[in-house]
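Just so it is clear: chains get the letters A, B, ... in the order the sequence lines come, proteins before strands, and each one is counted from 1.
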Number of protein chains: 2
Amino acid sequence: MMMDFDEKSRQHQLKITPQRTAIFKILTTARNHPTADNVYQEVKTEFPNISFDTVNRTLLTFAEVGMIEVIESNGHCRRFEPNLKTHHHFYCVGCGEITDFFHKEYDNLEIPENISRRFHVTGKRMVIKGLCDKCI
Amino acid sequence: MMMDFDEKSRQHQLKITPQRTAIFKILTTARNHPTADNVYQEVKTEFPNISFDTVNRTLLTFAEVGMIEVIESNGHCRRFEPNLKTHHHFYCVGCGEITDFFHKEYDNLEIPENISRRFHVTGKRMVIKGLCDKCI
DNA sequence: TATTAAATAGGAGTAATTACTATTTGTCAA
DNA sequence: TTGACAAATAGTAATTACTCCTATTTAATA
Ligand SMILES: [Mn+2]
Ligand SMILES: [Mn+2]
Ligand SMILES: [Zn+2]
Ligand SMILES: [Zn+2]
């Protein structure tokens with residue numbers, strides 16, 4: 001896993017720093033869709049002097065080179081997606097929690113012609129909205 | 001259309017104020033997925049003293065009663081959806097622009113059992129990601 | 001037309017993110 | 001193995017997007 005990290009980093013000319021290594025490790029075991037602050041709080045236990053900016057910048061860098069993704073939340077803070085496997089989201093409009101789910105029927109749906117012709121598509125996801133069990 | 005507005009307002013015990021009426025009118029002719037500030041800037045030409053808070057609060061109120069929706073953006077500001085017809089989104093990871101598209105094949109896909117059993121589902125939408133023509 | 005709860009304007013406060021800069025560090029070539 | 005240098009970092013300031021507060025105004029109703 002850290003092998004992957006070193007390799008990916010070299011591929012993209014990213015220096016392998018202890019901070020980045022720690023952040024990546026946290027992401028591999030992350031609970032669902034952490035915010036920059038979630039990651040910051042966790043990495044601080046190992047690097048008490050790390051700055052929030054370093055964490056946030058690192059996460060954006062990782063996203064830029066495809067090691068993680070930025071997913072959409074409803075206008076609160078930015079959330080990151082460490083799970084690159086094809087999957088879908090249930091989004092609770094009450095508490096904002098995003099729950100992963102897997103559903104083969106959604107995975108291989110075709111992209112409409114008028115979209116694939118007009119844009120460069122890199123991915124797709126079904127987003128189901130509603131209220132979670134806690135918010136009903 | 002304003003008929004709809006008055007009716008919906010009464011249905012939900014919302015007072016019909018000139019500010020709300022103006023905001024609603026702007027929404028009916030809105031360009032794609034405006035932010036609160038987008039709406040604020042536009043309504044200010046008609047009501048120079050309207051406060052941002054009034055606009056933002058009104059949009060959230062409209063969303064609460066189902067006159068519009070809040071849609072997800074990637075951690076920047078909140079964006080509103082005035083178009084209640086079933087449709088889907090192309091999301092440009094470069095500039096953040098969200099483009100509507102219609103595609104019947106996506107409209108009637110079933111909700112997976114383990115989701116509908118566990119949550120109260122209110123809607124679903126396919127979100128396709130990539131780069132728009134300007135950002136390629 | 002008077003009552004009253006809801007809505008508004010204006011401003012203050014807060015949270016999340018981004019920018020700036022002096023210093024440190026990882027990489028690579030000699 | 002070392003030295004040069006571009007990249008990365010810590011610490012802090014600034015900005016953006018939103019949310020809260022309160023005195024005043026207003027729409028609805030009886
Ligand atoms: Mn996910
Ligand atoms: Mn839309
Ligand atoms: Zn919830
Ligand atoms: Zn774009």
When every nucleotide of nucleotides 22-30 of chain D is labelled 5' to 3' by its protein contacts under 4.0 Å (heavy atoms), B for base, S for sugar-phosphate only, - for none, what sequence of letters results?
-> -----BS--

Interatomic distance, B:Leu60 CG vs D:dA17 P [rounded to whole Å] | 15 Å

Over 12 foreign heavy atoms within 6.0 Å of CD, A:Glu110 = no

Name the residue closer to the 5' end of DNA chain C, choosing between A:Arg57 and A:Thr35 according to the nucleotide with the nearest heavy atom.
-> A:Thr35

Should B:Arg78 be listed as having a side-chain N or O under 4.0 Å from OP1 or OP2 of D:dT19?
-> yes

Report whether B:Ile98 and A:Ile111 are members of the same hydrophobic cluster (ILVMFWY, side-chain heavy atoms less than 4.5 Å apart, transitive linking).
-> no

Does B:Arg20 make a side-chain N or O approach to OP1 or OP2 of C:dA7 shorter than 4.0 Å?
-> yes

Nucleotide of C:dA9, D:dA8, D:dT19 approaching B:Thr54 most closely (side-chain heavy atoms) = C:dA9

Tell me yes or no: between the side chains of A:His87 and A:Glu81, is some donor less than 3.5 Å from an acceptor?
-> yes

N/O donor-acceptor pair under 3.5 Å between A:Arg125 side chain and B:Met126 backbone = no

Would you say the side-chain atoms of A:Thr54 and A:Arg57 include a donor-acceptor pair closer than 3.5 Å?
-> yes

Indicate whether OP1 or OP2 belonging to D:dA17 is found under 4.0 Å from a side-chain N or O atom of B:Asn56.
-> no

With hydrophobic residues grouped by side-chain heavy-atom distances under 4.5 Å, do B:Tyr40 and B:Leu60 end up in a single group?
-> yes

Report yes if the side chains of B:His33 and B:Asn38 come closer than 4.5 Å at any heavy-atom pair, otherwise no.
-> no

Passing candidate, side-chain hydrogen bond (donor to acceptor under 3.5 Å, both in side chains) with A:His88, options A:Asp107, A:Thr99, A:Asp100 | A:Asp107

A:His12 atom NE2 is separated from C:dG26 atom C1', nearest whole Å, by 19 Å

Should B:Val65 and B:Ser9 count as side-chain neighbours, where that means a heavy-atom distance under 4.5 Å?
-> no

Over how many whole Å does the gap from A:Gln11 atom CD to C:dT27 atom P extend?
-> 15 Å

Near DNA chain C, which residues from residues 36-52 of chain B have a heavy atom under 4.0 Å away?
-> B:Asn49, B:Ile50, B:Ser51

